[in-house]
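This is a predicted model, so every value here is computed, not measured. Chain identifiers are assigned alphabetically (A, B, ...) following the order of the sequence lines, protein sequences preceding nucleic acid strands; residue numbering begins at 1 within each chain.
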Amino acid sequence: MIMTTLLKVEKITKKFGDFYANDQISFEVNKSEVLAILGENGAGKTTLMNILFGHYTPDAGNVNFEGNAIEFGNTNNAIKLGIGMVHQHFTLAENLTVLENIIIGRQSIFSLSLPKRQARVKILELSKKFGLPINPDELVANLSVSEKQRIEILKTLFLDCKLLILDEPTAALTPQETDALFSTIRNMIETGLSVILISHKLNEILAVSDRIIVLRNGSSVGEIDTNSADRKKIAEMIVGKKIDYPQKKKIPRKSKVLSLVDVSYDKTDAPNLSKVNLDLYGGQILGIAGVAGNGQTTLAKILSGHFKPTDGKIVFNEAKSVLTSPKSFMDLGVAYIPEDRNSDGIVGDMEIWENAIMTEMDDPYLRNSLGIINKKTSFDRSENLCETYDIRMQSIRQRSRLLSGGNVQKLLLGRWLMRKPKIIIACQPTRGLDEGAIASIQNLLLKAQQNGSAIILISEDLDELLTISDDISVMYKGMLSDPTETSSTDKLSIGLRMAGDGFL
Amino acid sequence: MIKFRLEERAKSPYWLIILSPFIAILVAIILAGILVVLAGANPFESYYQLIIGAFGSKNSFAETLARATPIILTGLAASIAFRAKFWNIGAEGQLYFGALATTLFGTGLVILPSILMIPFLFIMGALAGGLLLLPLVLLKLYYKVDEVVTTLLLNFVVVLLVSYLLEGPWKDPMSLGWPQGKSVIDEGVLPQILSKTRLHLGFIISIFFAFSVWFILSKTVIGYRIKSVGLNAAAASHAGVPIFKTVFIVALLSGGMAGMAGVTETAGLKGYLTLDLSPGFGYAGIAVAMLANLNPIGVIFSGVFLASIYVGADAMSRAMNVPTYLADVIVALTVLCILLSLVFVHYKILFFGVKKND
């Protein structure tokens, strides 16, 4: 087959200050091809895509699309040429219908009516052609994540895109939805479209892409044909060093540390829970699988004292304690890793040392009785934390937002581990991290388990759950299934239960 | 059409951080100069008169510092609150509440020697200002009622309450019919610190509190918590920082500072409570805090700067026959220019089509 080049990227360089976000990156995308761009956070993937789609202007380099030079910094031009992008965070108006969402961006702000009739015909045609079932008159607010993603893809197809850029498209999908997305991608390839897929989920990349480009620290470090790719090798290429993959050891189960009895949550501010029962033992990792939004976060917030259950009992150590605030849960030995580490975990505009001691403000070692902070001991403690948990930074006086995702997570987890927690509630602890950081976080959790901590691991990554948890429960519409031993279950059956199989 | 875009700087150069407020002030002065021209006066001559009016003599300098006293305190009130993202717009009302407390306790109800009486009045003023904020904090914490609305609206209620008291029960019978409160007893009056001027001890006290607030915010657990709650309350709460308690303390400190501004005006400058005690010192505090980028030490300088504009503009107005409202325009333009300058400090401006040679 003769390959025709659709997109040609030549020596793109983009600097932010002295920092090279992209350094002389070149690659091509052929017609009818899925090109995967892999790399850890901060490797330059998003910057590169933002250049292609016209959000940024590069400092040097050229991009040709079907032989025409792209006009940088002009999104409209990119769309006109036939480049479409589906961002990780959707850009849909919840209060409009599917049809309106698809056509509205292209209308002049002064036009009084929407050409709905022709649009409807075209959209339904596209929907059939690419296997993207939708109801054009449904309100977007009523749609699930995967349905919203379909709308985003249709939006680009509606604008006759020839190259579709998908940024972390599977981040919030069930395994079944991911498969559906991949078959859509294959449909698109067959009709002559091309796709650039940005992801850090290696297995998915291997399943759907034709070619892989690996970025590291802003430079392209390799180009591989997917057919001849080796998983471990790519992972190490991404990270730039050998990865210490977690090895699960059998730990004898200790006494019960926590049980939930018929815990319900019935309010409008978060997904509800109905009669959740759960037992947790020291030295156990209990995995909780589920599609985002089925109540896992609510459960985690109840277990860490941020929400109060509307019904039911939380029993710690066989004794019912008076639990009022997140602080009282902390004092009982509960550590909570929130799922959004940037908005709920770390204070990005405070320095690393300030974040490192945030949980320790009662420690007389770090402050005197008048409440004056001892900078020296605080610095020592922070240096120690960064060293123990291998947090890479230039200085503890650096602003925390400059840390990479993996280092942020190591800081948050390390901060808790220093307290030797009895119970760790980890929500999506490795989401969005690169393979190296995933391995470090999982190793830290396994080590905590060996030291006797009980761990509840809430994750959407089934590989992760199957690798490190002892038992797995599934959450669906606020209900929690009984735990199954990890050794006696597999991805398929968990995936089915995530979609509601086996729940009443 | 000129097309440009903003791009975040990885690191802002130090010279720009230091220089930017001065450039902003300069730009504001130039812009206001256009208005001076429109008013039919020579802008250089006018600004000369403004500077002379604010700093030209011992008396005018003292007047500027006396004017700066309450706005340093209300500036501190805004700085503390805004750092925790608690939008206290009610310093004006809290100031008057502090003034009411001074009148209640300082006009004969309690008589102590000066050395105790003055601190006592400041404590009462601070408590009054803090207590006024208390119900609003509870409304925010328990019912999520927006404090911008409640603190702002309460200002008008308090001013009307002062008006009622001064026209009625608290009216000084010796005031020849003027609506004003009884005079503060001699033990409570803040002594002059520069003879034959209106500059009083309150100025020293306001500087003292600026340093105290700086110390609390930068050295103590409370300050650290205020900072974390302001920058990311969710993350702070997940790390065990008590949000309720912290916001509570912020409100008491903030309201307290504003309340003390009422004390300096009642017991220092005027000696009694009047309806025009504050020509908007509470609101000026917001501008002062913004100009200082919420830094308590910076508040001293921005407070004096603002006061000099107000005091100097009076002199300029008399000498050049231009409206005193120009002072308000200069202050407003300065705040706008400072805010705009922050954009330049944090972002680079890139023009389309401009080739860069690197």
Side-chain angles (χ1 to χ4, degrees), chain A residues 13-19 21 55-60 71-74 301 304-306 325-331 336-338 340-350 354-362 366-368 370-375 378 399-402 412 415-416 419, chain B residues 1-13 16 83-85 141 144 212 214-246 249 253 293-294 346-358:
Chain A
T13 298
K14 173 74 189 169
K15 283 198 332 184
F16 292 107
D18 294 331
F19 172 72
H55 285 311
Y56 288 159
T57 311
D59 294 316
E71 188 189 323
F72 291 122
N74 186 341
K301 286 192 170 174
S304 58
H306 289 87
S325 64
K327 187 75 174 40
S328 59
F329 280 71
M330 259 173 77
D331 293 339
Y336 175 39
I337 309 285
D340 190 334
R341 57 183 159 271
N342 291 319
S343 68
D344 294 340
I346 203 150
V347 183
D349 283 324
M350 286 174 94
E354 291 177 296
N355 273 292
I357 60 164
M358 199 169 281
T359 48
E360 310 300 320
M361 285 328 308
D362 294 335
L366 301 177
R367 52 169 284 184
N368 68 14
L370 289 173
I372 297 169
I373 295 173
N374 184 335
K375 285 243 166 93
S378 300
R399 280 206 300 173
S400 309
R401 69 162 69 255
L402 300 170
L412 294 174
R415 192 166 81 177
W416 287 119
R419 296 171 69 93
Chain B
M1 199 170 77
I2 304 165
K3 283 186 172 178
F4 66 92
R5 60 168 65 242
L6 297 176
E7 209 171 275
E8 197 170 350
R9 291 175 196 269
K11 205 174 165 197
S12 310
L16 195 61
R83 275 189 179 225
K85 300 244 158 60
L141 291 176
K144 298 195 168 65
S212 308
W214 168 79
F215 184 82
I216 292 172
L217 290 180
S218 59
K219 303 283 177 203
T220 68
V221 174
I222 301 287
Y224 168 88
R225 284 182 172 155
I226 290 173
K227 187 173 168 191
S228 67
V229 169
L231 290 171
N232 188 342
S237 136
H238 283 110
V241 174
I243 306 290
F244 269 43
K245 204 170 127 191
T246 307
I249 291 171
L253 281 174
N293 205 5
L294 308 188
H346 295 300
Y347 294 90
K348 258 195 302 216
I349 303 219
L350 299 177
F351 291 95
F352 274 27
V354 179
K355 277 265 187 265
K356 295 188 69 186
N357 37 346
D358 60 82

**Message:** Taking every non-hydrogen pair under 4.5 Å, which of A:G305, A:P338, A:G371 racks up the most with chain B?
**Reply:** A:G371

**Message:** If I measure from the heavy atoms of chain B, does A:I346 come under 4.5 Å with its side chain, its backbone, both, or neither?
**Reply:** backbone

**Request:** Could you tell me whether A:E360 and A:R419 make a salt bridge, using a distance below 4.0 angstrom between a side-chain N and a carboxylate O?
**Result:** yes

**Request:** Identify which part of A:R341 has an atom lying under 4.5 Å from any heavy atom of chain B, answering side chain, backbone, both or neither.
**Result:** neither

**Residue part contacting chain B, namely of A:M330, when any heavy atom lies under 4.5 Å** = side chain

**Asked** Can you check whether A:K15's main-chain N or O pairs, donor with acceptor, with A:D59's side chain at less than 3.5 Å?
**Response** yes

**Request:** Keeping the roles fixed (side chain from A:N368, backbone from A:I372), state whether a donor-acceptor pair exists under 3.5 Å.
**Result:** yes

**Asked** Is the backbone of B:H238 close enough, under 3.5 Å, to the side chain of A:Y336 for a donor and an acceptor to pair up by distance?
**Response** no

**Prompt:** Side chains of A:K375 and B:K219: does their closest heavy-atom pair fall under 4.5 Å?
**Reply:** yes

**Message:** Using modelled atom types and a 3.5 Å cut-off, is there a donor and acceptor pairing between side-chain atoms of B:R225 and backbone atoms of B:P242?
**Reply:** no

**Complete:** If one checks every heavy atom of A:S304 against chain B at 4.5 Å, the contacting part turns out to be neither

**Residue A:D362 versus chain B: region with a heavy atom under 4.5 Å** = side chain

**Asked** Side chain, backbone, both or neither: which part of B:F244 has a non-hydrogen atom closer than 4.5 Å to chain A?
**Response** neither

**Message:** Using a 4.5 angstrom heavy-atom cutoff, name the option from A:P326, A:G348, A:S343 with the most pairs to chain B.
**Reply:** A:S343

**Asked** Within the side chain of A:K14, is there an N or O that forms a donor-acceptor pair under 3.5 Å with the backbone of A:T57?
**Response** yes

**Asked** Using a cut-off of under 4.5 Å for heavy-atom pairs, which of A:M350, A:M361, A:K327, A:R367 has the most such pairs with chain B?
**Response** A:M350

